[in-house]
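Okay, so here's the structure we're looking at.
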Amino acid sequence: MIETLTNQVSIPVCLSLSACVITVLSSELNAQNPPSFVMPSGNIYCALIGKDNNMLRCETQSMLNPLPPQPYPNYCQFDWGAGFLLPQQGKPEVLCISDTIAGTNNILSYGKTWQHSGFKCISQRTGLMCSNPGGHGFFLSRQQWKVF
């Protein structure tokens with residue numbers, strides 16, 4: 001669950017002097033448990049994918065730095081090194097993608113934690129750290145990355 005999402009706005013609509021209705025913008029409707037988020041910098045996006053939300057996909061607009069070598073020549077015909085795919089069990093894999101999950105407006109503020117479907121991500125000014133229930137995961141930033 002996200003502890004704090006930014007850009008959440010409630011707009012009071014007063015129908016009369018004695019009755020006001022609170023309307024909520026759509027970005028706040030799923031604030032308790034959104035399946036996706038973006039870092040405040042706008043560089044890293046993450047979303048749950050797969051049947052039963054059993055994989056976490058995190059992309060970085062700046063690509064992995066340094067870019068890891070492909071397992072063998074021509075392994076990936078698309079964008080190699082755009083981030084990681086983390087299954088509920090096992091180690092993360094480097095993404096080879098031709099699409100993107102970018103677009104959410106659920107901001108995971110620095111210093112906050114997101115938890116969903118057994119995954120846990122911690123947003124820090126230095127980058128994003130995510131792990132699965134088995135303790136495997138990754139750290140991702142513009143300058144560096146590592147898997148564990």
Side-chain angles (χ1 to χ4, degrees), residues 1-12 21-148:
M1 177 170 32
I2 289 187
E3 295 176 6
T4 299
L5 290 175
T6 60
N7 297 330
Q8 297 174 2
V9 179
S10 295
I11 302 171
V21 176
I22 304 295
T23 60
V24 181
L25 296 181
S26 61
S27 66
E28 192 177 8
L29 291 176
N30 295 318
Q32 293 302 313
N33 220 3
S36 62
F37 64 87
V38 60
M39 294 284 286
S41 68
N43 185 48
I44 301 173
Y45 287 84
C46 295
L48 289 173
I49 63 170
K51 185 178 179 181
D52 301 322
N53 292 327
N54 63 351
M55 293 180 279
L56 178 66
R57 177 174 163 175
C58 291
E59 299 173 9
T60 176
Q61 302 289 323
S62 60
M63 305 297 279
L64 297 178
N65 184 21
L67 194 62
Q70 294 185 25
Y72 54 85
N74 298 317
Y75 171 79
C76 178
Q77 300 296 317
F78 303 106
D79 292 329
W80 171 254
F84 293 107
L85 180 66
L86 181 61
Q88 279 188 325
Q89 300 298 318
K91 293 187 176 185
E93 299 176 14
V94 175
L95 288 177
C96 172
I97 57 173
S98 62
D99 62 351
T100 184
I101 57 167
T104 184
N105 61 355
N106 295 318
I107 298 172
L108 180 60
S109 299
Y110 296 129
K112 299 298 179 184
T113 298
W114 173 91
Q115 291 182 298
H116 198 300
S117 300
F119 296 100
K120 179 179 181 179
C121 294
I122 302 169
S123 173
Q124 303 167 326
R125 289 191 184 279
T126 57
L128 178 70
M129 185 173 299
C130 294
S131 61
N132 64 18
H136 296 287
F138 59 85
F139 173 80
L140 184 56
S141 74
R142 288 183 197 274
Q143 296 82 20
Q144 62 182 333
W145 58 272
K146 70 176 184 174
V147 296
F148 53 90

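Every residue two or more places apart in sequence or in another chain that forms a side-chain contact (heavy atoms from CB on, under 4.5 Å) with Asn132 is listed here: Leu86, Phe119, His136. Not a single side-chain contact (heavy atoms from CB on, under 4.5 Å) links Asn65 to another residue, sequence neighbours left out. In terms of the salt bridge (charged side-chain N to carboxylate O under 4.0 Å, His left out) criterion, residue partners of Asp99 (sequence neighbours excluded) are, by chain and number, Arg57. Legend: residues meeting side-chain hydrogen bond (donor to acceptor under 3.5 Å, both in side chains) with Thr100, ordered by chain and number and at least two apart, are Glu59. Tyr75 meets the ring pair (Phe, Tyr, Trp, His ring centres under 6.0 Å) test with Tyr72, Trp80; sequence neighbours excluded. With sequence neighbours left out, the side-chain contact (heavy atoms from CB on, under 4.5 Å) criterion links Gln124 to Ile122, Thr126, Phe139. For Ser62, the side-chain contact (heavy atoms from CB on, under 4.5 Å) partners at least two apart in sequence or on another chain are Asn43, Thr60, Arg142.
For the atom pair OG (Ser141) and CE (Met129), the distance works out to 10.5 Å, reported to the nearest 0.5 Å. Note that OG of Ser131 and CD of Gln115 are 8.5 Å apart. Values are rounded to the nearest 0.5 Å. Between atom OH of residue Tyr45 and atom CE of residue Met39 there is a gap of 12.0 Å, rounded to the nearest 0.5 Å. One distance of note links CD of Gln61 with CD1 of Ile44; it measures 10.0 Å at 0.5 Å rounding.
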### Task
Before giving the answer on side chain to side chain contact (heavy atoms under 4.5 Å, CB included), spell out for Ile49 and Leu85 the whole-Å C-alpha distance, their side-chain angles and the decisive distance to 0.1 Å.
CA-CA 9 Å; Ile49 63 170; Leu85 180 66; 3.7 Å; yes

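The main-chain N or O of Asn74 is found under 3.5 Å from a side-chain atom of Gln77 such that the two form a donor-acceptor pair. Under a 3.5 Å cut-off, the side chain of Ser36 and the backbone N or O of Thr104 do not form any donor-acceptor pair.
Between Cys96 and Cys76, the sulfur-to-sulfur (SG-SG) separation falls under 2.5 Å. When the SG-SG distance for Cys121 and Cys58 is compared with the 2.5 Å cut-off, it comes out at or above that value.
Screening residues 84-112 for ring-ring contact (aromatic ring centres under 6.0 Å, His included) gives Phe84-Phe138, Phe84-Trp145 as the qualifying pairs, with residues at least two apart or on separate chains.
Across all non-hydrogen atoms, the minimal contact from Leu56 to Cys46 is CD1-CB, 4.1 Å. Residues Gly134 and Gln89 share a closest heavy-atom pair of CA-OE1, 4.1 Å. For the residue pair Ile97 and Ala82, the shortest heavy atom distance occurs at CD1-CB, 3.7 Å. When all heavy atoms of Lys112 and Leu108 are compared, the closest pair comes out as CB-CD1, 3.8 Å. Nearest heavy atom pair, residue Pro40 against residue Ser123, reads CD-OG, 4.1 Å.
Counting heavy atoms from C-beta on, the side chains of Asp79 and Leu95 never come closer than 4.5 Å.
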